[in-house]
Amino acid sequence: MPKTPQAIRGTQDIFGADAEAFAFVVETFERVRRLYRFRRAEMPVFEKTEVFARSIGETTDIVSKEMYSFEDRGGESLTLRPEFTAGIARAFLSNGWQQHAPLKLATHGPLFRYERPQKGRYRQFHQIDAEIIGAAEPQADVELLAMADQLLKELGIEGVTLHLNTLGDGDSREAWRAALVEHFRAVKDELSEDSQERLEKNPLRILDSKDRRDRQFVADAPKIDQFLSDDARAFFDAVTAGLDAAGVKWTRAESLVRGLDYYRHTAFEFIPDEGSEAAGRLGSQSTILGGGRYDGLMESLGGAPTPAVGWAAGIERLAMLVGEKIEPMTDAIVVVENDEKLAEAVKMVAAMRKAHFSAELFAAGSPRKRFDKAKKLPSHALVSFTVTEGGSPVRIMGNGSERATAVENFVLSI
RNA sequence: GCGAUCGUAGCUCAGUUGGUUAGAGCGCCGGUUUGUGGUACCGGAGGUCGGGGGUUCGAGACCCCUCGAUCGCCCCA
């Protein structure tokens, strides 16, 4: 016998209760995005590598080590999409979607990152994603966040808080960054090894270091608020005022940053509260939904400057938080205990399904055991073609529900 | 890339300081009972103990390598 091939590392086969929870997340997202009038878009799962390399920054670790890239037969470098935003931006530019601006888009599907798998992190994973493109006003941020907030509520996820920060405009952000570098450089030798390296590569990231040695210096690090321009401050105030008006609870997170340089103004993550059940279920992967405003992205792909704001959330992580979703109960199970009645039973099952009853046929294996097996599955009604002499050859047993009565009436009517 | 823990039947797991022929439950298949909401009885199939090497009279167990999984670090678009 040939050996069964193994699944690719970091991929998963989702089934049963997990698959039901996954579907529940996607269905809820689809329902909520319609309420907010976000339009569906589908993009290819792979693009020319430059689409991601140029938007993310050629030199980052992400591009060099953490993307699924390969050459096609023509020698062109392609990459499985590691995120939605770059592909959406490319589609926006190549299809002239400027004509629809401001454009509210929603999508979901698989993404790929070449990373070491751990709890809540896979190499192929799935996200839901929402973007508002071509809207510079803070109201766009508010609407996007209100949708995220409502989505989480409709998923029944509790104990999660919106952590909100501003990175200011370009000038604010640069001034802040410079001040941070100066602050941390003064105490460089006392920082963790990782943060000493971050000081050169990505100083903002020191702010959310988990290392105790760094924490003390993070506490009295310069705050973005000291560097905000008047415009940037007004923008952030408008966002927070809008969230209050929309009834979205939030908390200020001064050290929340984004890894990439193109982010401006609003940055946010929905994070489980410390000690909550949600936090426990997610392990060290705490962010369940994150995003922000990005202004330089379209230009990096050769487009006109276009303000945009968006978020994405991992479907698997959300599915871990929505609780057990059992498969819906079958309306009717039809058991063929007498094989001579098989054709009749097949006819009945077909009629049931056409009448929009969910129905399952049990006609395989030992006829004597079919009834016992059918009993083990949850159903509103059991319909059996029996072997009993005399009386009705069909027996119906309901569980007393409305649905069971409907099935009984339907069977009697045919 | 680094670290810790773990790989025994389709699934969940036992398996004593290394000692006969490898165990249970569930599931699956068959038979008996007969009959109405998950719960009866009997039997059966199914394992190169992740893979390779080593130590030993003897390895599922100990050592090395390797593959895989899980959790964490780094990173987090």
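Naming convention: chains lettered A, B, ... in sequence-line order (proteins, then strands); numbering from 1 in each chain.
The side chain of A:Q6 lies closest to B:C67 when the candidates are B:G37, B:A77, B:C67. When the nucleotides B:A77, B:C74, B:G35 are ranked by their closest atom to the side chain of A:R395, B:G35 comes out on top. Relative to the side chain of A:L382, the nucleotides B:G72, B:C76, B:G37 differ in distance, and B:G37 lies closest. Side chain of A:M397, nearest nucleotide from B:G3, B:A77, B:G37: B:G37. Of all nucleotides listed (B:C73, B:A77, B:A69), B:A69 comes nearest to the side chain of A:R9. Of the listed nucleotides (B:C71, B:C76, B:G35), B:G35 has the atom at the smallest distance from the side chain of A:E337.
The gap from the P atom of B:G23 to that of B:U16 amounts to 13 Å, rounded to the nearest Å. Nucleotides B:C13 and B:U70, compared at atom P, are 14 Å apart to the nearest Å. Comparing B:G60 with B:U20, their P atoms sit 11 Å apart, to the nearest whole Å. B:C41 and B:G25 are spaced 12 Å apart, taking the P atom of each and rounding to whole Å. Rounded to whole Å, the separation between the P atoms of B:C62 and B:U5 comes to 13 Å. Annotation: B:G50 and B:A69 have their P atoms spaced 16 Å apart (nearest Å). The P atoms of B:C6 and B:A14 are separated by 12 Å, rounded to the nearest whole Å. Between B:A4 and B:A9, the distance separating the two C1' atoms is 29 Å to the nearest Å.
Heavy atoms of A:T287 sit nowhere under 4.0 angstrom from any nucleic acid atom. Within 4.0 Å of A:F371, counting heavy atoms only, lies at least one base atom of the nucleic acid. Residue A:G398 is classed as a base contact, given a heavy-atom separation below 4.0 Å to a base. Using a 4.0 Å heavy-atom criterion, one finds that A:L260 contacts the sugar-phosphate atoms exclusively. Within the 4.0 angstrom heavy-atom criterion, base atoms lie near A:A381. A:R258 comes within contact range of the sugar-phosphate backbone alone, with a heavy-atom separation under 4.0 Å but no base atom that close. As judged by a 4.0 angstrom heavy-atom cut-off over every strand, A:F125 is placed among residues making no nucleic acid contact. Contact annotation for A:R198: backbone-only contact, meaning every heavy-atom pair under 4.0 Å involves sugar-phosphate atoms and none involves a base. Among the protein residues, A:D372 comes within range of no part of the nucleic acid, since none of its heavy atoms lies under 4.0 Å from any strand.
B:C75 atom C1' lies 10 Å from atom CD of A:Q285, rounded to whole Å. Rounded to a whole Å, the CG atom of A:L204 is 14 Å from the C1' atom of B:C76. The CG atom of A:L377 sits 9 Å away from the C1' atom of B:G38 (whole-angstrom rounding). In this structure, CZ of A:R116 is placed 10 Å from P of B:U70, rounded to the nearest angstrom. Computed from coordinates, the A:Y122 OH to B:G68 P distance equals 18 Å when rounded to whole Å. Going from atom CD of A:E115 over to atom P of B:C2 covers 16 Å, rounded to whole Å. One atom, CG of A:D211, and another, C1' of B:C73, lie 11 Å apart when rounded to the nearest Å. Remark: P of B:G38 and CZ of A:R370 are 22 Å apart, rounded to the nearest angstrom.
A residue-by-residue look at A:N399 and A:G283 shows that A:N399 has its nearest nucleotide of RNA chain B further toward the 5' end. Nearer the 5' end of RNA chain B, as judged by each residue's closest nucleotide, is the contact made by A:K375, out of A:K375 and A:S209.
A donor-acceptor contact shorter than 3.5 Å is absent between the side chain of A:T330 and the backbone of A:A332.
Distances shown here put every side-chain N or O of A:R54 at or beyond 4.0 Å from the OP1 or OP2 atom of B:A77. For the pair A:S284 and B:C71, the criterion of a side-chain N or O lying under 4.0 Å from OP1 or OP2 is not met. Checking the phosphate oxygens (OP1, OP2) of B:C75, no side-chain nitrogen or oxygen of A:K65 falls inside 4.0 Å.
The cationic group of A:R258 lies under 6.0 Å from the six-membered ring centre of A:Y263 and within 45° of the ring axis, placing it in a cation-pi geometry. Both tests do not hold together for A:R123 against A:F112: distance to the six-membered ring centre under 6.0 Å, angle to the ring axis within 45°.
Scored by the side chain to side chain contact (heavy atoms under 4.5 Å, CB included) test, A:K347 finds no partners at all (sequence neighbours excluded).
Nucleotide B:A14 has no partner under the Watson-Crick or G-U criteria, as no pair reaches both atom distances under 3.5 Å. Judged by Watson-Crick or G-U wobble contacts below 3.5 Å, the nucleotide B:G7 has B:C67 as its partner. Nucleotide B:U32 has B:A40 as its partner under the Watson-Crick or G-U criteria, with both atom distances under 3.5 Å. Checking B:G72 for Watson-Crick or G-U wobble geometry (two distances, each under 3.5 Å) identifies B:C2 as its partner.
Counting atom types as modelled, A:R121 pairs a side-chain N or O with a base atom of B:C75 as donor and acceptor under 3.5 Å. Between the side chain of A:R113 and the base of B:A77, a donor-acceptor pair under 3.5 Å is found.
Using a cutoff of 4.0 Å between basic side-chain nitrogens and carboxylate oxygens, A:R252 and A:D225 are scored as salt-bridged. Using a 4.0 Å cut-off between a side-chain N of Lys or Arg and a carboxylate O of Asp or Glu, A:R213 and A:D211 qualify as a salt bridge.
No donor-acceptor contact under 3.5 angstrom links the side chains of A:T251 and A:H163, judged on distance only. Donor-acceptor pairing under 3.5 Å is recorded for the side chains of A:H126 and A:E316.
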Go through the steps to decide whether A:K201 and A:D194 satisfy the test salt bridge (charged side-chain N to carboxylate O under 4.0 Å, His left out), and finish with yes or no. CA-CA 10 Å; A:K201 284 162 56 180; A:D194 287 331; over 6 Å; no
Strictly under 3.5 Å: I want the nitrogen or oxygen pairs between protein and nucleotides 28-31 of chain B, one per line.
from, atom 1, to, atom 2, distance (Å)
B:G30, N7, A:K369, NZ, 3.4
B:G30, O6, A:K369, NZ, 3.2
B:G31, N7, A:K369, NZ, 3.3
B:G31, O6, A:K369, NZ, 3.1

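Between A:L164 and A:L145, some side-chain heavy-atom pair lies under the 4.5 Å cut-off. Looking at heavy atoms from C-beta onward, A:E47 lies out of side-chain contact with A:L78 at the 4.5 angstrom threshold.
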